[in-house]
Amino acid sequence: MVRANGAVSLRELARVVQTSEVTVRRDVRALEAEGLLDRRHGGAVLPGGFSREPGYPQKTHLAAAEKSAIADLAASMVEEGDAIVVGAGTTTQELARRLARVPGLTVVTNSLLVAQALAHANRVEVVMTGGTLRGSNYGLVGSGAEQSLAGLRVTKAFISGSGLTAARGLSTANMLSASVDRALVQSANEVIVLADHTKLGADSMFQTVATDAITRLVTDEHAAAEEPTSHELDALADGGVQVSVAPLGLPVEAPAAHPQPSAAAPRRPVPPAGAAPGAPLPGQRRPAPHGALPVVPRLPERIR
């Protein structure tokens with residue numbers, strides 16, 4: 001499966017072979033010892049240090065429930081009348097399906113899948129970039145795409161990638177995709193990265209967005225509950241990234257409105273009215289104090 005897809009999650013492996021994740025984790029450890037694959041947080045990739053980008057059919061089945069939860073939470077961050085950019089990817093495609101209900105929205109995208117999801121939304125205006133089509137993710141890339149984004153200014157950018165680390169930020173396996181994603185985020189006041197737990201701690205060849213340029217990360221609850229990815233989240237929060245954790249199977253409430261950060265001001269969340277000083281925003285993890293062990297939040301019984 002790793003040879004066919006480039007990457008695979010432990011959860012998906014356990015489902016396919018109909019066994020427990022504990023057994024799969026032990027077997028993956030043995031395969032890594034033989035040099036057949038490299039373990040990553042929550043999954044495995046081809047050996048060699050950098051993860052290879054799976055094709056679109058494979059990506060649609062990886063962490064599908066987690067991507068859906070992430071899209072639900074990300075959609076609650078979009079307000080009526082917003083102008084946003086949405087990059088290519090299966091998680092951003094899930095987000096686009098939910099944006100069809102936001103009136104007065106303008107969406108700029110280089111993704112045919114995002115445009116298709118919004119094609120019949122009569123209250124949403126869709127603006128597509130030019131460029132050359134990449135069949136592996138149905139995204140438009142190249143100089144045509146980048147030039148069409150010149151001079152653009154929007155409120156938020158929603159993008160995904162192949163991997164995310166605190167040390168390097170967001171990365172992807174394709175140079176042309178990375179270049180267009182950089183052009184997308186340069187047009188936005190806020191940069192919001194959508195990344196499920198299988199991408200945390202993974203690294204790819206081309207950097208898309210450095211950690212200090214990311215405003216917010218939206219990820220799933222498995223990233224907060226598992227120790228390796230939980231430490232990665234704490235490191236990202238220490239780097240100034242606001243971390244929002246999407247619960248699985250629970251309704252998502254829209255976060256409290258807060259003013260857009262200025263270019264000179266540090267990106268910090270503003271708590272809802274009436275909240276105690278220092279209280280975190282809904283869905284946001286509080287970084288551990290210096291010298292203290294990070295605290296992994298307890299999950300309700302119904303989703304643990």
*Between Pro247 and Ala69, which heavy-atom pair has the shortest distance, and what is it?*
O-CB, 3.5 Å

*Is there a side-chain hydrogen bond (donor to acceptor under 3.5 Å, both in side chains) between Gln242 and Thr215 once you walk through the steps?*
CA-CA 6 Å; Gln242 302 170 28; Thr215 309; over 6 Å; no

*Do Arg216 and Ser244 get their side chains close enough for a donor-acceptor pair, meaning under 3.5 Å?*
yes

*First locate atom CG of Asp196, then atom OG1 of Thr229, and finally report the distance between them rounded to the nearest 0.5 Å.*
10.5 Å

*Pairs where residues 101-123 contributes a residue and the test side-chain hydrogen bond (donor to acceptor under 3.5 Å, both in side chains) is met, not counting sequence neighbours*: none

*asked:* Are the side chains of Arg182 and Ser179 in contact, using a 4.5 Å heavy-atom criterion?
replied: yes

_Side chain proximity check, Asn189 to Lys156, heavy atoms < 4.5 angstrom_ = no

_Least distance between heavy atoms, Leu140 atom then Gly130 atom_ = CB-O, 3.4 Å

_On a heavy-atom basis, which atom in Phe206 and which in Ala178 lie closest, and how many Å separate them?_
CB-CB, 3.8 Å

*With no hydrogens and no angle check, is any side-chain donor or acceptor of Asn137 less than 3.5 Å from a backbone partner on Gly139?*
yes

*Determine, step by step, whether Leu149 and Thr129 satisfy the side-chain contact (heavy atoms from CB on, under 4.5 Å) criterion, reporting the C-alpha distance in whole Å, the side-chain angles of both residues, the deciding distance to 0.1 Å, and the verdict.*
CA-CA 7 Å; Leu149 294 167; Thr129 69; 3.8 Å; yes

*For the residue pair Val85 and Ala157, what are the closest heavy atoms and their distance?*
CG2-CB, 3.2 Å

*asked:* Can you confirm whether Leu194 sits close enough to Thr219 that some side-chain heavy atom of one is under 4.5 Å from a side-chain heavy atom of the other?
replied: no

_Side chain proximity check, Leu236 to Leu164, heavy atoms < 4.5 angstrom_ = yes

*side-chain contact (heavy atoms from CB on, under 4.5 Å) assessment of Asp181 paired with Val209*: CA-CA 8 Å; Asp181 283 348; Val209 189; 5.8 Å; no

*Under 3.5 Å, is there a donor-acceptor pair linking the side chains of Ser68 and Arg98?*
yes

_Donor-acceptor contact below 3.5 Å, side chain Glu221 vs main chain Leu248_ = yes

_Asn174 and Thr172 side chains, donor-acceptor separation under 3.5 Å_ = no

*What distance separates Leu133 CG from Tyr138 OH, expressed to the nearest 0.5 Å?*
8.0 Å

_Test item: side-chain donor near acceptor, Ser162 and Lys199, under 3.5 Å_ = no

*Distance only, no hydrogens: is a donor on one side chain within 3.5 Å (strictly under) of an acceptor on the other, for Glu190 and Thr155?*
no

*Check whether any side-chain heavy atom of Asp72 lies under 4.5 Å from a side-chain heavy atom of Ser76, and answer yes or no.*
no

*Between CG of Asp220 and CD of Glu66, what distance do you get to the nearest 0.5 Å?*
5.0 Å

*OG-CG distance between Ser160 and Leu170, expressed to the nearest 0.5 angstrom*: 6.5 Å

_Under 3.5 Å, is there a donor on one side chain and an acceptor on the other for Ser177 and Arg134?_
yes

_Any heavy-atom pair between the side chains of Leu217 and Leu233 that's under 4.5 Å?_
yes

*Using the side-chain contact (heavy atoms from CB on, under 4.5 Å) rule, take Val78 and Phe158 through it: C-alpha gap first, then chi angles, then the decisive distance, then the call.*
CA-CA 10 Å; Val78 179; Phe158 293 88; 3.6 Å; yes

_With a 4.5 Å cut-off on side-chain heavy atoms, are Val24 and Thr19 touching?_
yes

*asked:* Measuring from atom CZ of Arg168 to atom OG1 of Thr211, what distance do you get when rounded to the nearest 0.5 angstrom?
replied: 10.5 Å

*Could you walk me through whether Arg97 and Glu94 pass the salt bridge (Lys or Arg N to Asp or Glu O under 4.0 Å) check?*
CA-CA 5 Å; Arg97 289 169 177 156; Glu94 286 295 320; 2.4 Å; yes

*How far does NZ of Lys67 sit from OG1 of Thr92, to the nearest 0.5 angstrom?*
9.5 Å

*Where is the tightest heavy-atom contact between Asp82 and Leu105, given as atom of each residue plus distance?*
O-CD1, 3.2 Å

*Could you walk me through whether Met77 and Val218 pass the side-chain contact (heavy atoms from CB on, under 4.5 Å) test, one step at a time?*
CA-CA 10 Å; Met77 301 173 184; Val218 184; 3.7 Å; yes

*Check whether any side-chain heavy atom of Val154 sits under 4.5 Å from a side-chain heavy atom of Leu152, and report yes or no.*
yes

_For residues Met175 and Met205: do they belong to one hydrophobic cluster (side chain heavy atoms under 4.5 Å, members Ile, Leu, Val, Met, Phe, Trp, Tyr)?_
yes

